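What follows is a set of notes on a single structure, which appears directly below.
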Amino acid sequence: GKPVVSWRVKRLLTALFLLTLLAACDKPLTVEQQVISTIREMEARIEAGERRAFMEYIADDFTARDGRMNRDQVRAMVVFQLNRYERLQAQLFPIAVTETGADTAEASFRALVTGGPNWIPDSGQVYDFETAWRRDGDDWMLVSADWDPVPLDEVIDKLPVPSSDP
């Protein structure tokens, strides 16, 4: 006949299964996952128009544009852009993260930044970003950033060619 499994064995197997699931979910995030998560959070904060929350991820000793811009100047630029555009959005393309030390990392990515008064943006630009990060406790802080506009023809050249279905 059919094997009989006692309720105690079923409960034990269920408990072991749940513990295995919990252990799998409890793995710490990699440095790459942590930095990407921080970048995505910054993206969400700027899109929500939350300047202060966005700036919380920028280190006090932050520099940008090859040292020509500091944290206060970035704050002023963010305020200007948020006042200029009712809606500011960023579409980030693959983020590559490299761990550079025990508590440091670099991330590079391409971003399409758009702005406008309504749901449809009336201006936009693609930028290549190079960023450096430092762990501060449990948080990753942006310590430097450089960005360059990408010419439109370079962006268009990299678009996939549409298929010509008959």
Side-chain angles (χ1 to χ4, degrees), residues 27-166:
K27 287 183 180 173
L29 295 177
T30 65
V31 167
E32 178 183 30
Q33 291 168 326
Q34 292 171 38
V35 171
I36 289 173
S37 175
T38 301
I39 293 169
R40 294 289 183 198
E41 185 62 26
M42 291 177 77
E43 175 188 13
R45 299 292 57 91
I46 201 73
E47 288 182 354
E50 299 172 1
R51 173 187 57 85
R52 283 185 180 87
F54 175 83
M55 292 300 298
E56 287 177 9
Y57 295 100
I58 298 182
D60 290 339
D61 59 346
F62 173 85
T63 63
R65 311 302 296 156
D66 295 320
R68 296 186 312 266
M69 186 178 264
N70 64 27
R71 187 177 195 277
D72 291 336
Q73 291 164 317
V74 167
R75 180 188 305 115
M77 182 183 71
V78 168
V79 168
F80 173 77
Q81 294 297 332
L82 289 174
N83 288 334
R84 181 177 177 196
Y85 298 111
E86 195 171 307
R87 279 183 58 78
L88 195 59
Q89 287 197 282
Q91 175 63 49
L92 305 184
F93 298 97
I95 301 168
V97 176
T98 304
E99 195 169 348
T100 57
D103 290 319
T104 58
E106 292 177 347
S108 59
F109 53 92
R110 183 165 276 185
L112 168 61
V113 180
T114 59
N118 300 308
W119 286 100
I120 299 175
D122 61 10
S123 67
Q125 176 66 54
V126 175
Y127 295 93
D128 281 334
F129 282 85
E130 296 291 331
T131 61
W133 299 82
R134 179 179 60 232
R135 188 190 327 258
D136 183 9
D138 291 335
D139 299 320
W140 282 90
M141 303 298 292
L142 181 60
V143 293
S144 73
D146 284 298
W147 57 91
D148 289 305
V150 179
L152 186 57
D153 58 343
E154 185 181 322
V155 175
I156 291 171
D157 287 346
K158 296 199 181 202
L159 291 175
V161 177
S163 62
S164 55
D165 294 331

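Here the structure is a predicted model, which is why all the values come from computation and not from measurement.
Every residue meeting the side-chain contact (heavy atoms from CB on, under 4.5 Å) condition with Asn70, not counting sequence neighbours, appears here in chain and number order: Asp72, Gln73. Scanning for side-chain contact (heavy atoms from CB on, under 4.5 Å) contacts around Pro151 gives Asp153, Glu154, with sequence neighbours left out. Here Thr63 pairs with Ser144 under the side-chain contact (heavy atoms from CB on, under 4.5 Å) rule; sequence neighbours left out. Taking Asp128 as the reference, Arg110 meet the side chain to side chain donor-acceptor pair (under 3.5 Å) condition, with sequence neighbours excluded. Judged as a salt bridge (Lys or Arg N to Asp or Glu O under 4.0 Å), and not counting sequence neighbours, Asp136 has no contacts. Residues passing the salt bridge (Lys or Arg N to Asp or Glu O under 4.0 Å) test with Glu43, sequence neighbours excluded: Arg40. Considering only residues two or more places apart in sequence or on other chains, Ser37 meets the side-chain contact (heavy atoms from CB on, under 4.5 Å) condition with none of them. Applying the side chain to side chain donor-acceptor pair (under 3.5 Å) test to Ser108 and every residue at least two apart in sequence or in another chain returns nothing. In this structure, the salt bridge (Lys or Arg N to Asp or Glu O under 4.0 Å) partners of Asp60, at least two apart in sequence or on a different chain, are Arg71.
Between Leu88 atom CG and Thr114 atom OG1 the span is 7.0 Å, to the nearest 0.5 Å. Taking OG1 of Thr100 as the reference point, atom CH2 of Trp133 lies at 12.5 Å (rounded to 0.5 Å). A distance of 4.5 Å separates CG in Leu82 from CD1 in Ile46, rounded to the nearest 0.5 Å.
The two residues Leu29 and Gln34 have their closest heavy-atom pair at O-NE2, 2.8 Å. The two atoms that bring Ala105 and Val35 nearest to each other are CB-CG2, 4.1 Å, heavy atoms only. The two residues Ala132 and Leu142 make their nearest non-hydrogen contact at O-CD1, 3.5 Å.
Looking only at side-chain heavy atoms (C-beta outward), Arg75 and Ile58 stay at 4.5 Å or farther from each other. The side-chain heavy atoms of Thr38 and Asp139, taken from C-beta on, include no pair separated by under 4.5 Å.
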What side-chain donor-acceptor pairs closer than 3.5 Å can you find for residues 47-57, not counting sequence neighbours?
from: Glu47; atom 1: OE2; to: Ala90; atom 2: N; distance (Å): 2.9
from: Glu50; atom 1: OE1; to: Arg45; atom 2: NE; distance (Å): 2.4
from: Glu50; atom 1: OE1; to: Arg45; atom 2: NH2; distance (Å): 3.4

Note to self: Evaluate Val31 against Trp140 for side-chain contact (heavy atoms from CB on, under 4.5 Å), listing each step before the verdict.
What the structure shows: CA-CA 9 Å; Val31 167; Trp140 282 90; 3.8 Å; yes
Next item on the list: Show the numbers, then the answer: is there a side-chain contact (heavy atoms from CB on, under 4.5 Å) between Arg65 and Asp148?
Entry: CA-CA 9 Å; Arg65 311 302 296 156; Asp148 289 305; 4.1 Å; yes
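Side chain of Gln125 to backbone of Val150: a donor-acceptor contact under 3.5 angstrom is found. Between the side chain of Glu130 and the backbone N or O of Asp146 there is no donor-acceptor pair closer than 3.5 Å.
Among pairs with a residue in residues 65-117, those fulfilling ring pair (Phe, Tyr, Trp, His ring centres under 6.0 Å) read Phe109-Phe129, at least two apart in sequence or across chains. Judged as a salt bridge (charged side-chain N to carboxylate O under 4.0 Å, His left out), the pairs with a partner in residues 96-108 (not counting sequence neighbours) are, in order, Asp103-Arg135.
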